[in-house]
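Letters go in sequence order (proteins before strands), and every chain restarts at 1.
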Number of protein chains: 2
Amino acid sequence: MSNKKSLVTFILNVVKISKSDAEQIAEAFHFVELKEKEFLLHEKQVSDDYLYLENGLMRTFLYDLEGEEITIDFFTENNVVFEITSFFNRVRSEANIQAITKCSGYRISYKELNALFHDKPAFRDFGRAILVKEFIASQKRNYGMINRTAKERYQNLLATKPQILRDAPLKFIASYLGVTDSTLSRLRKNL
Amino acid sequence: MSNKKSLVTFILNVVKISKSDAEQIAEAFHFVELKEKEFLLHEKQVSDDYLYLENGLMRTFLYDLEGEEITIDFFTENNVVFEITSFFNRVRSEANIQAITKCSGYRISYKELNALFHDKPAFRDFGRAILVKEFIASQKRNYGMINRTAKERYQNLLATKPQILRDAPLKFIASYLGVTDSTLSRLRKNL
DNA sequence: TGATTTTCTTGCCTTTTGTCAAGTGAATTC
DNA sequence: GAATTCACTTGACAAAAGGCAAGAAAATCA
């Protein structure tokens, strides 16, 4: 049994399965590290990483029509990281996934994930629970972005994921919140 | 074999399984109709409907802090309709789902869905494909809403789901786009 | 250490969107 | 069919956010 305690704990928090099932699932994952600014996924590649992020901060981003980077989402410690479209549909990714800080965690490939999905009923429940959890998070984000001013969105981010404001540069946060750098800088000043 | 041709076609478009598997899955669904303005789900209930919408237009909405209705999402023909948090986590819903026009389709309950999930491998693939599909749609919506002006968001909706603009009242669309009724009315005028 | 680049802040002005309130017209009701 | 309600529009003004450019501060590099 390798040292995947945090992953086992994460699995047990996501779905009601036995500890030994959780440990067997965790066993299938492989340790990975990423340096600051290293990419987990480059656009136009087919993603093959389903990652549990144990330490660090990552982001996913793409380029808008003017060629500007738009940060779509941040990933914090103790969450899964994957580009769902590319990973599950086996198509080239439109987005990039990049480590903001040094990161470490455990990954499995698409092939490994499917083998588990077919062989281990407990993993099916885990897989579904993760999809449901991430889907809900995406919907919540939708709701939190619309019908709110930039200031409220910023305050919400401050309250829910302060590590992002600590570790990510202003321009990543600005594009994530849908405002310009200038506007975010001014918002900050008034708080 | 009842008349569920559109559902079978829908299933076959979502996941690569055999026609007979798709027909067996469709068999488990039950026909339902909803009158205009009728609710599929009221807030504070636990959702028990996983619905394939064959005809009509629906929306999901909740109330903001000022007690105003906020339309979160629209559901169009030939899509699935469910409140993921309440349905999968068996918790009371914070959202309402309501028919805008007269609607018809086919539903299954949580219990029925899980029985299929455990007994029919083809349904597992279907279930996962639906979650992936809806998750991607949610992410796309996120991306389409941020970093765009209200006018661009409106034009995008016009291009992608014109039936919404045809059948939903202005106030539903305005809150969905995150603007006031007045602003949407003015946007329309300039087009 | 000093030079260079990158990140962030700020001022000035414009555009977008919101607020509030009044008004029109259509649909519904009694 | 008059009254009421509902959906939408419009005007006048206010607030929020953006565009652009200059400059300060911080990080990186040589």
Side-chain angles (χ1 to χ4, degrees), chain A residues 35-38 57 59 61 63-71 74 96 98-102 142-158 162-191, chain B residues 35-38 57 59 61 63-71 74 96 98-102 142-158 162-191:
Chain A
K35 297 192 192 76
E36 189 181 329
K37 295 183 182 153
E38 191 176 343
L57 179 66
R59 67 164 182 145
F61 73 94
Y63 296 93
D64 68 12
L65 298 172
E66 286 81 38
E68 298 291 321
E69 286 185 6
I70 306 292
T71 295
F74 291 102
N96 305 274
Q98 184 186 28
I100 295 175
T101 65
K102 184 172 181 295
N142 269 327
Y143 174 57
M145 296 302 256
I146 210 84
N147 290 100
R148 295 203 187 175
T149 65
K151 186 177 180 180
E152 291 169 325
R153 299 200 297 273
Y154 177 79
Q155 289 177 313
N156 181 55
L157 189 65
L158 182 63
Q163 66 272 51
I164 293 175
L165 303 185
R166 193 190 60 212
D167 291 335
L170 174 139
K171 62 178 175 175
F172 293 174
I173 301 165
S175 70
Y176 175 77
L177 293 176
V179 297
T180 59
D181 295 9
S182 312
T183 298
L184 179 54
S185 178
R186 278 185 261 261
L187 284 178
R188 256 188 189 170
K189 192 171 58 166
N190 305 335
L191 290 174
Chain B
K35 297 191 193 79
E36 189 181 328
K37 296 184 181 152
E38 189 176 344
L57 179 65
R59 65 163 185 148
F61 72 94
Y63 295 93
D64 69 11
L65 298 171
E66 287 81 40
E68 299 292 322
E69 286 185 7
I70 306 293
T71 295
F74 291 101
N96 304 274
Q98 184 187 26
I100 295 174
T101 64
K102 184 170 182 299
N142 269 327
Y143 175 57
M145 296 301 255
I146 211 84
N147 290 101
R148 296 204 188 176
T149 65
K151 187 177 179 180
E152 291 169 326
R153 298 201 297 273
Y154 177 79
Q155 289 177 312
N156 181 55
L157 189 65
L158 181 62
Q163 66 271 52
I164 293 174
L165 303 185
R166 193 191 59 213
D167 290 335
L170 174 139
K171 62 178 177 177
F172 293 175
I173 301 166
S175 70
Y176 176 77
L177 293 176
V179 297
T180 59
D181 294 10
S182 313
T183 297
L184 180 55
S185 177
R186 278 185 260 262
L187 284 178
R188 257 187 190 171
K189 193 172 55 165
N190 306 335
L191 290 174

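Across the protein-nucleic acid pair, A:Lys171 atom NZ and C:dT7 atom C1' stand 8 Å apart, rounded to whole Å. A:Glu152 places its CD atom 10 Å from the P atom of D:dA16, with the value rounded to the nearest Å. In this structure, CG of B:Asn190 is placed 11 Å from P of C:dT17, rounded to the nearest angstrom. If you take CD of B:Glu36 and P of C:dT28, they are 9 Å apart, rounded to a whole angstrom. Rounded to whole Å, atom P of C:dT9 lies 6 Å from atom CG of A:Leu170. In this structure, CZ of B:Arg188 is placed 20 Å from P of C:dT16, rounded to the nearest angstrom. Counting to the nearest Å, the P atom of C:dT17 and the OH atom of B:Tyr154 are 14 Å from each other. Across the protein-nucleic acid pair, A:Leu187 atom CG and C:dT10 atom P stand 12 Å apart, rounded to whole Å.
A:Thr71 places none of its side-chain heavy atoms less than 4.5 Å from the side chain of A:Ile173. Taking the side chain as every heavy atom from C-beta outward, B:Val179 and B:Tyr154 never approach each other to under 4.5 Å.
An OP1 or OP2 oxygen of D:dA17 is reached within less than 4.0 angstrom by no side-chain nitrogen or oxygen of A:Thr183. Regarding contacts with the backbone of C:dT10, a side-chain N or O of A:Lys189 is found under 4.0 angstrom from either OP1 or OP2.
At least one test fails for B:Arg59 against the ring of B:Tyr176: distance under 6.0 Å to the centre or angle within 45° of the axis.
Side chain of B:Arg153 to backbone of B:Leu177: a donor-acceptor contact under 3.5 angstrom is found.
The residue A:Arg186 sits close to a base: some heavy atom pair falls under 4.0 Å. Residue contacts shown for A:Thr180 are limited to sugar-phosphate atoms, with no base heavy atom under 4.0 Å away.
Comparing A:Gly178 and B:Lys37 by the nucleotide of DNA chain D that holds the closest heavy atom to each, the one mapping nearer the 5' end is B:Lys37.
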